[in-house]
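This report refers to the structure that appears directly beneath it.
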Protein chains: 2
Amino acid sequence: MANYSPRLSGVFHALDDPTRRAVVRTLVRGPETVSALAAPFPMALPSFLKHLAVLEESGVVRSRKEGRVRTCELVPRRLAQAERWLAAQRVVWESRSDRMVGFVENLHREEQARAKRNDRAR
Amino acid sequence: MANYSPRLSGVFHALDDPTRRAVVRTLVRGPETVSALAAPFPMALPSFLKHLAVLEESGVVRSRKEGRVRTCELVPRRLAQAERWLAAQRVVWESRSDRMVGFVENLHREEQARAKRNDRAR
DNA sequence: CGAATAGTTAGCCATCGGGATAACTGTAGG
DNA sequence: CCTACAGTTATCCCGATGGCTAACTATTCG
């Protein structure tokens with residue numbers, strides 16, 4: 001198995017901050033410049049740039065500079081990896097729940113059978 | 001919109017560490033005691049307990065103590081919230097991609113039309 | 001009872017994370 | 001050319017995180 005994936009850590013870390021999630025929610029609608037992205041936030045630009053750096057380092061965002069303007073865009077692949085990890089856990093959990101349901105149904109059937117036997121024995 | 005959700009931050013933060021993800025991967029298969037969970041990891045127990053504390057504080061894991069044994073179990077709801085957030089972003093991205101495809105196809109049609117006009121004009 | 005088991009609490013350390021300011025670089029535009 | 005604009009870099013501050021050891025509590029079992 002060996003599921004140590006540092007990439008996944010990077011993505012989840014990138015998403016653990018409200019500012020960075022807000023940036024993602026903007027970028028899913030299309031590319032934006034740095035200043036356009038930064039505008040809604042009450043923090044200084046260098047502080048905001050650190051968030052962008054985290055997003056880029058995690059691979060969630062890519063950017064290129066033309067003239068003095070840097071344009072950022074989303075890279076959906078990493079988000080998809082995180083989503084798939086969560087889905088995989090859910091699938092295991094749900095399959096277990098199914099077995100639990102089966103287990104409980106078995107208990108019920110056995111209970112009925114026992115009741116029947118007792119009935120006949122009475 | 002106001003999507004600041006500190007809960008989501010907690011969940012993503014809980015998942016940004018490989019040790020904690022490994023714990024989740026164990027717990028989706030069913031409840032476990034603290035020592036059983038800690039056994040695979042090369043760290044001291046108090047260090048491991050901090051990870052468990054993060055998982056519990058985020059609401060991803062719940063635990064109860066019977067006698068001297070504490071048993072942990074997964075709470076799937078929080079993971080589901082994170083998964084839904086990711087899915088929502090993907091949906092927006094994909095709808096945009098659809099529009100982009102339409103846009104490019106339009107460009108192509110216009111290009112063809114222009115070529116035709118030029119053809120006639122020639 | 002006494003020893004082993006299962007956690008827990010307390011405190012120490014180094015590094016990281018999110019914020020700030022100040023000063024700088026490079027590109028447009030008038 | 002020179003000013004305004006869009007980012008960038010360099011530091012600093014401080015609280016949070018992830019690791020450790022040591023010492024402690026509370027069960028269980030022989």
Side-chain angles (χ1 to χ4, degrees), chain A residues 3-27 30-73 78, chain B residues 3-27 30-73 78:
Chain A
N3 236 324
Y4 264 81
S5 179
R7 288 185 184 170
L8 221 36
S9 291
V11 175
F12 284 130
H13 172 57
L15 297 179
D16 81 8
D17 181 276
T19 300
R20 294 192 290 259
R21 281 200 304 280
V23 169
V24 169
R25 288 206 314 275
T26 301
L27 288 181
E32 285 291 355
T33 70
V34 167
S35 10
L37 286 173
F41 303 101
M43 68 184 69
L45 191 59
S47 308
F48 181 78
L49 286 182
K50 285 193 187 177
H51 288 299
L52 273 190
V54 171
L55 284 164
E56 274 205 73
E57 197 152 326
S58 72
V60 170
V61 164
R62 192 186 359 164
S63 76
R64 60 192 186 289
K65 199 168 179 178
E66 275 164 61
R68 56 181 173 175
V69 175
R70 180 175 295 277
T71 304
C72 300
E73 70 176 327
R78 291 303 160 86
Chain B
N3 235 322
Y4 265 80
S5 179
R7 288 185 185 170
L8 221 37
S9 292
V11 175
F12 284 130
H13 172 58
L15 297 179
D16 80 7
D17 181 277
T19 300
R20 293 191 291 257
R21 282 201 304 281
V23 169
V24 169
R25 289 206 315 276
T26 301
L27 289 181
E32 284 290 355
T33 70
V34 167
S35 12
L37 285 173
F41 302 101
M43 68 184 67
L45 191 59
S47 309
F48 181 78
L49 286 182
K50 286 193 186 177
H51 288 298
L52 272 189
V54 171
L55 284 165
E56 275 207 70
E57 197 152 325
S58 72
V60 170
V61 163
R62 190 184 3 160
S63 75
R64 62 194 185 288
K65 198 167 179 178
E66 276 164 62
R68 58 182 172 175
V69 175
R70 181 176 293 279
T71 304
C72 300
E73 70 177 326
R78 292 305 161 86

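Per chain, numbering begins at 1; letters A, B, ... match sequence-line order. Remember, predicted model here, so these are calculated numbers, not experimental data.
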More 5' along DNA chain C: A:Arg68 or B:Pro46, using each one's nearest nucleotide?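 Mapping each residue to its closest nucleotide by heavy atoms, the 5'-most match is B:Pro46.
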Tell me the interatomic distance from [X], atom [atom1], to [N], atom [atom2], rounded to whole angstroms.
X: B:Phe12; N: D:dA16; atom1: CZ; atom2: P; answer: 22 Å
X: A:His13; N: C:dG18; atom1: NE2; atom2: C1'; answer: 10 Å
X: A:Phe48; N: D:dT9; atom1: CZ; atom2: P; answer: 16 Å
X: B:Leu45; N: C:dA4; atom1: CG; atom2: P; answer: 19 Å
X: A:Asp16; N: C:dC16; atom1: CG; atom2: P; answer: 16 Å
X: A:Arg64; N: D:dA6; atom1: CZ; atom2: C1'; answer: 16 Å
X: B:Glu66; N: D:dT28; atom1: CD; atom2: C1'; answer: 14 Å
X: B:Leu49; N: D:dC20; atom1: CG; atom2: P; answer: 12 Å

Verify, without hydrogens or angle tests, whether B:Arg20 (side chain) and B:Ala14 (backbone) share a donor-acceptor contact under 3.5 angstrom.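 Indeed, once roles are kept as given, a pair shorter than 3.5 Å links the two residues.
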Sub-3.5 Å donor-acceptor pair from the side chain of B:Arg7 to the main-chain atoms of B:Arg78, do we have one?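 No.
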For the pair A:Leu52 and A:Arg70, evaluate side-chain contact (heavy atoms from CB on, under 4.5 Å) and give the outcome as yes or no after the intermediate values. CA-CA 11 Å; A:Leu52 273 190; A:Arg70 180 175 295 277; 6.0 Å; no
Would you tell me if any nitrogen or oxygen in the side chain of B:His51 comes within less than 4.0 Å of OP1 or OP2 on D:dG19?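 Yes, such a contact exists.
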Does B:Ser47 put a side-chain nitrogen or oxygen below 4.0 Å from OP1 or OP2 of D:dG18?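 So the side-chain polar atoms of B:Ser47 never come under 4.0 Å of the phosphate oxygens OP1 or OP2 of D:dG18.
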Per [X] side chain, nearest of listed nucleotides [options]:
X: A:Arg70; options: D:dT8, D:dG18, C:dG18; answer: D:dT8
X: B:Val54; options: D:dG18, D:dG19, D:dT8; answer: D:dG18
X: B:Val69; options: C:dA6, D:dG18, D:dT9; answer: C:dA6

Looking at CG of B:Leu37 and CG of B:Leu27, how far apart are the two atoms once the value is rounded to the nearest 0.5 Å?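 The CG atom of B:Leu37 sits 5.0 Å away from the CG atom of B:Leu27.
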Test item: side-chain donor near acceptor, B:Ser63 and B:Glu56, under 3.5 Å: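 Looking only at side-chain atoms, B:Glu56 and B:Ser63 do form a donor-acceptor pair, the distance falling under 3.5 Å.
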Can you find a donor-acceptor N/O pair under 3.5 angstrom joining the side chain of B:Lys50 to the base of D:dG19?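 When only heavy-atom distances are counted, B:Lys50 does reach the base of D:dG19 through a donor-acceptor pair under 3.5 Å.
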